[in-house]
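Worksheet for the structure shown next.
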Number of protein chains: 2
Amino acid sequence: MFQSYTIKDIAKALGLSTSTISRALSGSYKIGANTVKLVTEYAEKVNYRPNPIALSLKAHKSHSIGVVVCEVANNYFSQAINGIESVAYNSGYHVIITQTHESAAREQVNIEHLLSRHVDGLLVSLSAETTDVSFYQELKEKGLPIVFFDRIVPGIDTHKVYIDNFKAAFDATELLINNGFKKIAHITNSSNLLISRERLNGYLAALEKHQITFDQDYLVYCDHGGMLIHELETAIDELLALPNRPDALFTTNDRITTGCLPILKKRGIKVPDDMALAGFTNSDFAEWFAPSLTVVRQPAFEMGKLATEILIKSIESKRPIEEYTTHQFETELISRSSSASAIAF
Amino acid sequence: MFQSYTIKDIAKALGLSTSTISRALSGSYKIGANTVKLVTEYAEKVNYRPNPIALSLKAHKSHSIGVVVCEVANNYFSQAINGIESVAYNSGYHVIITQTHESAAREQVNIEHLLSRHVDGLLVSLSAETTDVSFYQELKEKGLPIVFFDRIVPGIDTHKVYIDNFKAAFDATELLINNGFKKIAHITNSSNLLISRERLNGYLAALEKHQITFDQDYLVYCDHGGMLIHELETAIDELLALPNRPDALFTTNDRITTGCLPILKKRGIKVPDDMALAGFTNSDFAEWFAPSLTVVRQPAFEMGKLATEILIKSIESKRPIEEYTTHQFETELISRSSSASAIAF
DNA sequence: TAAAATTGGGCAATCGTTCCCGAAGCTTTA
DNA sequence: TAAAGCTTCGGGAACGATTGCCCAATTTTA
């Protein structure tokens, strides 16, 4: 098997005790300059590397953090995970990623698993199905650091990293309105999620500002966030079947936005002539779609980074944290062809 | 801090020794049925979970595997990593991902880092710059299990997971030829990489089969795999400046393929009318590009899965492995608009 | 009825590291 | 000159779990 030198090997080779080696290497204690030199040089020579497992055992830390997201095959989350990994890697933490696939039951199982792996903290974006968050509250009270990101929980007082969903949705909807669309439908995620409700409110507020009366038929739910392709197809078909068919679509998340285009094409609907499209997505290719997509883009990478920085700081803080931070990032609204004016002004 | 019950806590609470608890829980030893019941029920009650760190320390295993890729922000690698994670997660392994950004020096540093983390094995896809692979040979000889995937090393006898690059490139090139293109350029990655050379050979063989003489000017190298946007722009501009400008492009990897379209558009080149395009990419959105892209698609997820399965089997095998497996996956050639016929037949 | 076998469970070493407590040997001070 | 202080280092107990070895009590066997 692959074995490396331990502190004990060095002690034996140099005729010193393990404590001396440890201290000489850490430089934390009064050890003779000669001994320090001897030890460090020998350690260098044999390529000594402290065993992180032993360190963890002593320090009562696993040096791993658990991540809960709905799925990684999602532009937003894959970018966020990138940010998470980058910070964790540089701070010497493992990242254990779990996917809920929008199921509350799987979320529970995942938390169980992460706990059994003795994670030092949790980075959580709720599943669409989750309504009972009491176990997060319990974990928090037991002292487990938790940072919610993107899909946060309003009820639990802990760190939160997300965006101004109301404003982002408001602006995107208003862009469609300003481009001449009046019959704007909204495909949203489960109303369990705060972000769905906030985005819906932004949409409604934009309609109201421009004196467009809200049509209940124009609001369609994909309770699994569009993860099930069938679900999104049904949603779109419902809208298309409406006697007063909408002329624009505002979509609430990554899966739904990128999923719409193929479905509309399959139905022979031209974008944006028959149906305009604007929505949340972090796809790097939105510009190269046919037509290019009007999107709300979140700083996913930065959000993942910040959430992880906060979590690690929280883990490594001596005293239990009393003050919780909430950070809202700015989003970017990028106007492209899919929301081009329906009418010539 | 977040603390959970240990075997010692249970022993104290039940007035038994830690060995009894351990054996009662593992069921491996002669322990009275009553005691077993008592212990298991108590453990259940307090939600006891064995500390994986302590287990690792005893077993001399970190339960982590190191991954070396050029970058994760690449459709192929992100999908492969997905496969890696899924297998590792289910087998109780951590995955530590490192990126070389095509630099040989960073690859060395990454290996150093992974070694210092005491990984149990390595999953490697070479950087474009790497030529000296002697340290992999040394690690292998020291007993560290290594699986190469995608960008394999021909010289080292260990497990390998990749595709039939020659055939995939041959077929893609032939598709362009069959569609009426005769002046086919090839943008390739560094010739350090075996996969670049194999794909180049496939391209050349297809030309030869159809009696098209190879023009050296039509072969352009992006030595950093198109990771530097400037590099790819230069490559394309060189081709466009040619007196006898090519009418089709065959591209060797994910970054280069998806990078071409925006650059060509910026130069006012129409695809496929002015320049056809076919190349390797695993983008899920290739179909929705304008124009839709003709691609060679690799089973990235499955490749990641298989590589990890082989690695973990290798790690957990009692005896050092003598037999090394080499697995070549089938690729998929998907014909779309970007390679549509230049001439009406 | 005494010896042997079986059953049930404890002791202590081990993994690699840190860190509290001494313990020498030397120098300084009163 | 002896006590006190400083420097430099070692012993050994943790951390949480496993496991070989041993021991006591009970049951079986001769």
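Labels below follow one simple rule: chain letters A, B, ... track the order of the sequence lines, proteins then strands, and each chain is numbered from 1. All heavy atoms count here, side chains included; hydrogens, waters and symmetry mates do not.
Among the nucleotides D:dC9, D:dG16, C:dT17, the one closest to the side chain of A:Ile7 is C:dT17. Nearest to the side chain of B:Thr6, among C:dG10, D:dG16, D:dC9, sits D:dG16.
Atom CD of B:Glu102 sits about 9.5 Å away from atom CG of B:Leu126, to the nearest 0.5 Å. Separation of atoms CG (B:Asn51) and NE2 (A:His118) is listed at 5.0 Å; rounding is to 0.5 Å. Taking OG1 of B:Thr18 as the reference point, atom CZ of B:Arg23 lies at 8.5 Å (rounded to 0.5 Å). Rounded to the nearest 0.5 angstrom, A:Thr326 OG1 and A:Phe148 CZ are separated by 11.5 Å.
Below the 3.5 angstrom threshold, one finds a donor paired with an acceptor across the side chain of A:Lys58 and the base of D:dA14. Checked by distance alone, A:Ser19 brings no side-chain donor or acceptor within 3.5 Å of a matching partner on the base of D:dC9.
Straight-line distance from the CG atom of B:Asn34 to the P atom of C:dT7: 15 Å, rounded to whole Å. Atom P of nucleotide D:dA14 and atom NZ of B:Lys8 are separated by 8 Å, given to the nearest angstrom. Between the CG atom of A:Leu16 and the P atom of D:dG11 there is a distance of 10 Å, rounded to whole Å. Here C:dT17 presents its C1' atom at 13 Å from CD1 of B:Ile53, a figure rounded to the nearest Å. Distance, B:Tyr5 OH to D:dC15 P: 16 Å, rounded to whole Å. One atom, CD1 of A:Ile21, and another, C1' of D:dG10, lie 11 Å apart when rounded to the nearest Å. Here the P atom of nucleotide D:dG20 and the CD1 atom of B:Ile31 are 14 Å apart, to the nearest Å. The distance from atom NZ of B:Lys12 to atom C1' of C:dG10 is 17 Å, rounded to the nearest whole Å.
Among the atoms of the strands shown, none is found under 4.0 Å from any heavy atom of B:Ser56. Contact annotation for B:Leu55: backbone-only contact, meaning every heavy-atom pair under 4.0 Å involves sugar-phosphate atoms and none involves a base.
Nearer the 5' end of DNA chain C, as judged by each residue's closest nucleotide, is the contact made by B:Thr18, out of B:Thr18 and A:Asn51. Along DNA chain C, the nucleotide closest to A:Tyr48 and the one closest to B:Val36 are compared, and the more 5′ of them pairs with B:Val36.
Considering only side-chain N and O atoms, B:Thr35 lies under 4.0 angstrom from the phosphate OP1 or OP2 of C:dG9. Of the side-chain N and O atoms in A:His60, one or more sit less than 4.0 angstrom from OP1 or OP2 of D:dG16. Between A:Ser17 and D:dC9 there is no side-chain polar atom (N or O) within less than 4.0 angstrom of OP1 or OP2.
Here the options are B:His94, B:Lys61, B:His60, the test is side-chain contact (heavy atoms from CB on, under 4.5 Å), and the partner is B:Asp120; only B:Lys61 passes. Among the candidates B:Thr40, B:Thr6, B:Val39, the single residue satisfying the side-chain contact (heavy atoms from CB on, under 4.5 Å) test with B:Ile21 is B:Val39.
Overall, the helix from C:dT1-D:dA30 to C:dA30-D:dT1 carries an axis bend of 70° between its ends, with five pairs at each end and the value rounded to 10°.
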All N/O contacts under 3.5 Å from nucleotides 21-26 of chain D to the protein, with atom names and distances to one decimal?
residue : atom : partner : partner atom : Å
D:dC21  : N4   : B:Tyr29 : OH           : 3.4

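The aromatic rings of B:Tyr93 and B:His63 sit tilted, their planes meeting at an angle between 30° and 60°.
Contact record, B:Ser86 with B:Lys305: OG-CG, 3.8 Å, taken as the closest heavy-atom pair.
Within 6.0 Å of CG on A:Asn90 lie more than 12 heavy atoms contributed by other residues, nucleotides or ligands.
A salt bridge links A:Arg49 to B:Glu112: one of the charged nitrogens lies within less than 4.0 Å of a carboxylate oxygen.
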